[in-house]
Amino acid sequence: MSNNVNLQKPAQKHEGGNTPLLIAEHIDKQFGITHAVNDVSLTIDAGEVRGLIGENGSGKSTFSQMLCGIYSIGGGSFTLDGQPLHPKNQVEANNAGVAIIVQEMGTLSGLTVAENIFFGHEEPFMHLGVKNTGAMNREAQRLLNEYGFGRIKASDMIDRYNFEDRKLVEIVKATYMKPKILVVDETTTALSQNGRQELYKIVDAIRADGRTVIFISHDLNEVMEHTDSISVLRDGEFVGTFRTADTSEDQLKRYMVGREIGSAYYRADYGEKVSDEVVLTVDNVSVPGEISNISFQLHRGEILGFGGLSECGMHEVGKAIFAASWDRTGSVKLADGTAINDIPTAIRKSIAYTSKNRDNESVIVNESIRNNIVLPSIEDLANHGILNNRKLTAFADKYAKDMQTKMTGVNQFVSDLSGGNKQKVVLARWLGKGSDILVLDSPTRGIDIGVKQAIYALMDDMRKQGKSIIMISEEIPELLGMADRIIVMKDGTISGEFMRDPALSEEDLIAKMV
């Protein structure tokens with residue numbers, strides 16, 4: 001525990017229905033030399049929503065994934081409703097009454113929506129070894145309709161749907177069996193405001209039914225609004241549990257990081273003139289069914305924000321700029337006239353792109369940290385076409401450490417990292433490449449408060465160096481706090497544009513979003 005701030009560990013309190021539902025005793029987990037969870041003991045009541053917070057690498061996801069059978073329990077024990085719980089996989093955990101909605105993609109490609117919902121629980125639809133697909137589809141559609149997700153069709157292949165819609169399918173999958181405990185692991189970061197409201201309704205219904213939710217989120221305002229009590233982990237260890245009504249965001253930040261969070265969070269400057277030099281011109285860019293006739297210019301040293309509701313098309317703008325949309329029309333050109341029509345040209349011309357869908361589009365999860373970081377810089381690191389392993393390792397190690405990535409070393413697989421540390425690897429990759437134009441889609445999604453502060457400072461430094469950033473974000477305070485100019489989108493088109501101004505409010509942006 002840090003000596004930078006005097007933190008007294010509080011006694012464990014029960015703040016829900018006052019009937020212990022889950023008792024975790026001396027839970028422990030190591031990955032190699034990394035002690036991800038170290039002797040954590042806590043009790044969670046029936047009928048409560050328990051927040052579980054901590055910085056990236058604090059152990060909160062590892063703890064919950066042991067509870068849900070994704071990881072084996074390294075040490076200690078779980079007791080659920082008076083019975084020992086040692087699930088070997090998620091199906092066993094589901095059958096015992098524990099379900100999880102994971103932070104990243106939790107559906108399986110190549111299966112239908114219905115097959116994803118009932119994966120591992122197909123028995124009611126089997127007769128003499130033959131699956132009754134029609135009955136499965138009808139039941140899945142009934143559930144989707146009941147949840148208000150009727151536009152998603154049970155018989156469709158899951159791959160037809162975007163990241164958010166697949167999250168909605170996961171919500172149905174995780175909750176239709178009425179689990180005793182539902183773990184919501186950073187799920188809201190993948191959802192639009194409408195999707196979040198639907199999830200909050202489900203959370204409230206579970207609590208009202210006397211069941212329990214473990215709510216994991218880096219959005220402290222969200223945690224404060226939707227929980228009864230909050231447990232804090234730091235560096236794999238239990239710090240304490242607090243009644244939500246009796247604590248504050250600032251107190252929680254101190255407990256999470258073991259020190260005071262400075263006041264310098266977002267940019268403090270206003271009125272600075274952005275360069276007139278145009279580095280990128282986007283002209284009448286369209287992607288069928290996604291965006292229509294998008295035009296704008298990006299200036300040297302500018303942070304240009306894109307905001308809107310999740311389905312507004314802003315995420316597709318990022319892909320289109322990077323030439324990752326195969327059916328894009330219109331033009332994306334650099335100041336020297338180079339047309340960006342394919343990804344290799346974008347990378348070669350110093351454009352970087354980070355996707356909101358991190359695991360599928362920004363990192364190779366089943367590769368090492370090293371190989372992920374060096375990937376776009378291979379040509380730069382080669383000497384007459386020959387790569388030196390020591391040079392590659394030193395390069396990756398430098399930029400991983402610059403981003404303060406929690407790792408055993410750069411040979412560790414990205415799949416072993418927390419969501420926030422995966423994001424650090426993504427940013428380290430482009431930091432190492434030295435890109436001049438960065439398209440950052442949801443750059444702080446799943447990032448803890450301390451690292452957010454560091455990323456904002458990094459972005460500020462980059463703009464001062466003359467680098468240009470397009471920041472796509474669903475978080476309005478982030479847009480107001482960091483952007484020189486904000487473009488708001490609605491229904492695939494630009495609906496408004498605002499310059500940086502201390503008088504600019506959330507209401508001003510929302511009025512153009514809805």
Side-chain angles (χ1 to χ4, degrees), residues 12-25 27 41-53 60-61 63-70 77-87 89-103 106 117-121 124 139 142-144 146-149 167-188 191 195-217 222-231 241-245:
Q12 175 72 41
K13 300 186 182 78
H14 305 314
E15 306 298 348
N18 296 314
T19 302
L21 178 65
L22 177 71
I23 300 172
E25 296 183 292
I27 299 299
S41 297
L42 55 84
T43 300
I44 302 177
D45 290 340
E48 77 164 309
V49 179
R50 171 68 61 87
L52 185 60
I53 64 172
K60 57 191 183 298
S61 287
F63 175 89
S64 62
Q65 288 174 4
M66 282 189 282
L67 174 65
C68 298
I70 297 173
S77 64
F78 289 114
T79 302
L80 176 65
D81 208 10
Q83 299 298 316
L85 176 68
H86 292 282
N89 52 53
Q90 278 187 267
V91 174
E92 281 194 10
N94 291 164
N95 291 336
V98 182
I100 186 171
I101 310 169
V102 296
Q103 178 180 353
I117 290 174
F118 296 116
F119 185 80
H121 298 93
E139 180 59 14
R142 185 189 70 78
L143 290 169
L144 289 163
E146 183 179 291
Y147 278 71
F149 308 153
K167 276 290 159 200
L168 298 180
V169 172
E170 287 179 55
I171 290 171
V172 177
K173 172 183 172 63
T175 58
Y176 81 92
M177 291 180 67
K178 298 190 178 302
K180 296 176 182 178
I181 295 180
L182 173 68
V183 179
V184 178
D185 189 358
E186 292 287 354
T187 305
T188 54
L191 298 175
R196 291 181 188 192
Q197 292 304 319
E198 292 302 322
L199 178 60
Y200 298 149
K201 290 177 186 177
I202 291 167
V203 167
D204 290 342
I206 290 173
R207 173 170 45 195
D209 197 34
R211 294 177 287 128
T212 295
V213 176
I214 298 176
F215 194 88
I216 302 173
S217 175
E222 177 181 60
V223 173
M224 295 288 290
E225 188 172 349
H226 296 283
T227 64
D228 301 298
S229 58
I230 302 167
S231 294
T241 296
F242 309 87
R243 180 180 166 85
T244 304

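Fair warning: this is a prediction, and the values are worked out from it, not measured in the lab.
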Enquirer: So which heavy atom on Gly51 is nearest to which on Val223, and how close?
Expert: CA-CG1, 4.4 Å
Enquirer: Which pair of heavy atoms, one from Ile53 and one from Ser217, lies closest together, and at what distance?
Expert: CG2-O, 3.7 Å
Enquirer: Answer yes or no: is there an ion pair linking Glu198 with Lys201, defined by an N-O contact shorter than 4.0 Å?
Expert: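 A salt bridge links Glu198 with Lys201.
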Enquirer: Measure the CZ-OH distance between Phe215 and Tyr200 for me, rounded to the nearest 0.5 Å.
Expert: 5.5 Å
Enquirer: Considering non-hydrogen atoms only, spot the tightest contact between Lys180 and Asp81 and give its length.
Expert: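 Smallest interatomic distance, heavy atoms only, reads NZ-OD2, 3.3 Å.
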Enquirer: Are the side chain of Thr244 and the backbone of Ser229 linked by a donor-acceptor contact shorter than 3.5 Å?
Expert: yes
Enquirer: Just wondering, do Pro87 and Val98 contact through their side chains at under 4.5 Å, heavy atoms?
Expert: no
Enquirer: Grab the two heavy atoms, one from Gly47 and one from Thr212, that are nearest each other, plus how far apart they are.
Expert: N-OG1, 3.3 Å
Enquirer: I need the Ile216 CD1 to Ser64 OG distance, nearest 0.5 Å.
Expert: 3.5 Å
Enquirer: Rounded to the nearest 0.5 Å, what separates atom CG in Asn94 from atom CZ in Phe119?
Expert: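 These two atoms lie 11.0 Å from each other.
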Enquirer: Can you name the closest pair of heavy atoms from Asp45 and Glu48 and give their distance?
Expert: N-OE2, 2.7 Å
Enquirer: Without hydrogens or angle criteria, can the side chains of His226 and Asp204 be said to hold a donor-acceptor pair below 3.5 Å?
Expert: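 Per modelled atom types, His226 and Asp204 side chains form no pair under 3.5 Å.
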Enquirer: Hey, does the side chain of Asp209 reach the backbone of Arg211 with a donor-acceptor pair shorter than 3.5 angstrom?
Expert: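 No.
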Enquirer: Check for me whether the distance between the ring centres of Phe118 and Tyr176 falls short of 6.0 Å.
Expert: yes
Enquirer: So do the side chains of Leu42 and Arg50 get within less than 4.5 Å of each other, counting heavy atoms only?
Expert: yes
Enquirer: Could you grab the distance from atom CD1 of Ile206 to atom OG1 of Thr175, nearest 0.5 Å is fine?
Expert: 6.0 Å
Enquirer: Can a donor-acceptor pair be found, under 3.5 Å and without considering hydrogens, that links the side chain of Thr241 to the backbone of Ser231?
Expert: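 Between the backbone of Ser231 and the side chain of Thr241 there is no qualifying donor-acceptor contact (under 3.5 Å).
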Enquirer: Decide yes or no for Val183 and Gln65: does some side-chain heavy atom of the first lie under 4.5 Å from some side-chain heavy atom of the second?
Expert: no
Enquirer: Taking the side chain as every heavy atom from C-beta outward, state whether His121 and Asn95 have any pair of such atoms under 4.5 Å apart.
Expert: yes
Enquirer: Could you tell me if the side chain of Val184 sits less than 4.5 Å from the side chain of Ile202, heavy atoms only?
Expert: no
Enquirer: Kindly give the heavy-atom pair with the smallest separation between Ala93 and Leu67, and that separation in Å.
Expert: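 Reported closest heavy-atom pair: CB-O, 4.3 Å.
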Enquirer: Got Glu222 and Glu225 here, is their nearest side-chain heavy-atom distance under 4.5 Å?
Expert: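 Contact flag for Glu222/Glu225 side chains = no.
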Enquirer: If we ignore hydrogens and angles and just use 3.5 Å, is the side chain of Asn89 paired with the main-chain N or O of Gly69 as donor and acceptor?
Expert: no
Enquirer: Just so I know, are the side chains of Leu22 and Thr79 near enough to count as touching, which here means a heavy-atom distance under 4.5 Å?
Expert: no
Enquirer: Enter the distance from Cys68:SG to Glu92:CD here, rounded to the nearest 0.5 Å.
Expert: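 If I round to the nearest 0.5 Å, the distance is 13.0 Å.
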Enquirer: Can a donor-acceptor pair be found, under 3.5 Å and without considering hydrogens, that links the side chain of Arg207 to the backbone of Thr227?
Expert: no
Enquirer: Can you confirm whether Phe149 is buried at CZ, in the sense that more than 12 heavy atoms of other residues, nucleotides or ligands lie under 6.0 Å from that atom?
Expert: yes
Enquirer: If I take atom CD1 from residue Ile181 and atom CD1 from residue Ile100, how far apart are they, to the nearest 0.5 angstrom?
Expert: 11.5 Å
